[in-house]
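Here the structure comes first, spelled out in structure tokens, and everything after it is commentary.
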Amino acid sequence: MTRRIGILTGGGDAPGLNAVIRAFTKYAVRHHKWEVVGIEDSFNGLFDSPRRLMPMTLQSCQGLLHRGGTCLGTTNRGDPFAFPQPDGTRRDVSEELAKAVRDEGIEGLVCIGGDGTQAISLRLMRERGIPVVGVPKTIDNDLSATDYTFGFLSAVDVATEALDRLHTTAESHERVMFLEVMGRDAGHIALEAGIAGGADIILVPEIPYDPDRVAAKIRRRQTHGRLFSIVVVAEGAVPLSAAHLSHDERKARLKNGGGAAAIAMAQLEGRVDAEMRSCVLGHLQRGGSPVAFDRILATRFGVAAADLVAANRWGEMVRLKDGHVDGVPIEEAIRVYRLVDVDGELVRCARATGIEFGG
Ligand code: F6P
């Protein structure tokens with residue numbers, strides 16, 4: 001009997017999702033002769049009536065490799081164990097999900113998503129008997145099990161280009177320019193884009209910053225005739241005065257304060273003698289075509305996911321480790337969150353070239 005495998009994308013999108021779907025489908029259909037069915041909008045397509053399923057064929061893969069976003073759609077509001085109801089409450093619909101999977105003759109699901117989606121998938125396998133294989137996705141590159149997630153370097157590229165552009169205007173106007181990039185908990189995008197884009201100051205969540213240190217760096221540059229400065233701010237970066245706050249308190253503070261770059265700029269008000277402007281890059285970092293590295297990694301992940309299915313290694317997630325793609329138990333893969341190593345080589349390299357972190 002032909003094996004029928006479901007594939008879905010969950011959580012925020014990332015450049016490279018389509019490349020995974022394409023690689024998985026091509027290999028599954030051409031080599032294994034499986035049927036591949038795409039589930040729309042994460043798990044949600046299985047709940048609706050009629051169900052929203054997309055047969056994935058060699059034809060439907062055409063033109064997908066370089067296309068950003070996800071042809072299957074995605075959401076980060078579809079946890080089947082706490083599914084949002086119209087009246088604002090939440091309900092466990094995981095049993096209905098399992099029934100829909102069985103009704104459709106789907107043997108198992110390939111779930112492409114971040115740690116949230118992977119944790120849900122694992123629960124679905126353990127508690128509802130739905131076999132799953134995971135493919136990691138996050139532009140934040142904060143999953144410790146894999147050296148890289150696709151989408152990360154595409155985001156770093158966008159942020160780097162933004163820094164290049166800010167440089168010319170900052171220099172012309174002798175201003176201090178703040179660029180806020182994504183990274184609520186981990187500052188990898190800020191760190192790598194900051195190094196690539198020649199930032200003078202990088203503020204990351206892992207290093208609460210002292211505004212006096214940041215101001216001193218800007219003043220030192222002014223003394224040397226460098227009358228402009230570029231500051232990259234991860235959206236989760238906080239000043240020392242907020243370092244004691246919990247994760248949720250930090251989030252609320254950012255919301256009320258107008259974002260991390262705006263807060264950092266306000267902190268420097270009166271401490272430096274220069275005009276300042278801030279800019280939030282936002283979802284521009286997640287949209288558009290993946291860079292070559294991400295296309296290749298996504299393709300490797302798609303093929304590796306099919307290999308795991310072929311070997312019935314359900315419950316595992318693909319990952320890149322020391323240059324090789326292999327499988328790792330999902331449970332192990334999501335256990336440790338990867339923050340910027342504040343004593344690591346990359347931070348040291350940034351400091352060695354004169355970049356200030358404010359702490
Ligand atoms: O995937 C994580 C992330 O990129 C964060 O860095 C950012 O805070 C978040 O997504 C934004 O997500 P949303 O699309 O829900 O605004």
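We count ligands from 1, going down the list as the structure has it; atoms in each ligand are counted the same way.
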What residues, two or more places apart in sequence or in another chain, satisfy ring pair (Phe, Tyr, Trp, His ring centres under 6.0 Å) together with H66?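 Partners of H66 by the ring pair (Phe, Tyr, Trp, His ring centres under 6.0 Å) criterion come out as none, since no residue qualifies.
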Sub-4.0 Å heavy-atom approach of G183 to ligand 1: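 In this structure, G183 qualifies as a contact of ligand 1 - some heavy atom is under 4.0 Å.
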State whether R126 and E331 are salt-bridged, where the test is any N-O pair (Lys NZ or Arg NE/NH1/NH2 against Asp/Glu carboxylate O) under 4.0 Å.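 The answer is yes: the pair qualifies as a salt bridge.
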What protein heavy atom sits nearest [atom], and how far away is it?
atom                    : result
atom 4 (O) of ligand 1  : M182 SD, 3.3 Å
atom 15 (O) of ligand 1 : N76 ND2, 3.4 Å
atom 3 (C) of ligand 1  : D140 OD2, 3.5 Å
atom 10 (O) of ligand 1 : R286 NH1, 3.0 Å

If you count the non-hydrogen atoms of other residues, nucleotides and ligands that lie under 6.0 Å from NE2 in H247, is the total more than 12?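 Result for NE2/H247: enclosed.
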For residues D200 and S229, report the shortest heavy-atom separation together with the two atoms involved.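 Where D200 meets S229 most closely, the heavy atoms are OD2-CA, 3.3 Å.
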Can you find an N or O of T138 that's nearer than 3.5 Å to an N or O of ligand 1?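 No, T138 has no N/O under 3.5 Å of an N/O on ligand 1.
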I'd like the name of whichever of H283, H188, E235 reaches closest to atom 13 (P) of ligand 1 through any heavy atom.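 Nearest option to atom 13 (P) of ligand 1, by heavy atoms: H283.
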Only heavy atoms of I139, strictly under 4.0 Å: list the atoms of ligand 1 that pass.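 Heavy-atom distances to I139 below 4.0 Å select 4 (O).
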Under the rule for side-chain contact (heavy atoms from CB on, under 4.5 Å), what residues qualify as partners of R52, not counting sequence neighbours?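 In terms of side-chain contact (heavy atoms from CB on, under 4.5 Å), with neighbours along the sequence ignored, R52 is linked to E40, D41, N44, D48.
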Considering the options K217, R351, R213, which one meets the salt bridge (Lys or Arg N to Asp or Glu O under 4.0 Å) requirement together with E356?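 Running salt bridge (Lys or Arg N to Asp or Glu O under 4.0 Å) over K217, R351, R213 with E356 returns exactly one hit, R213.
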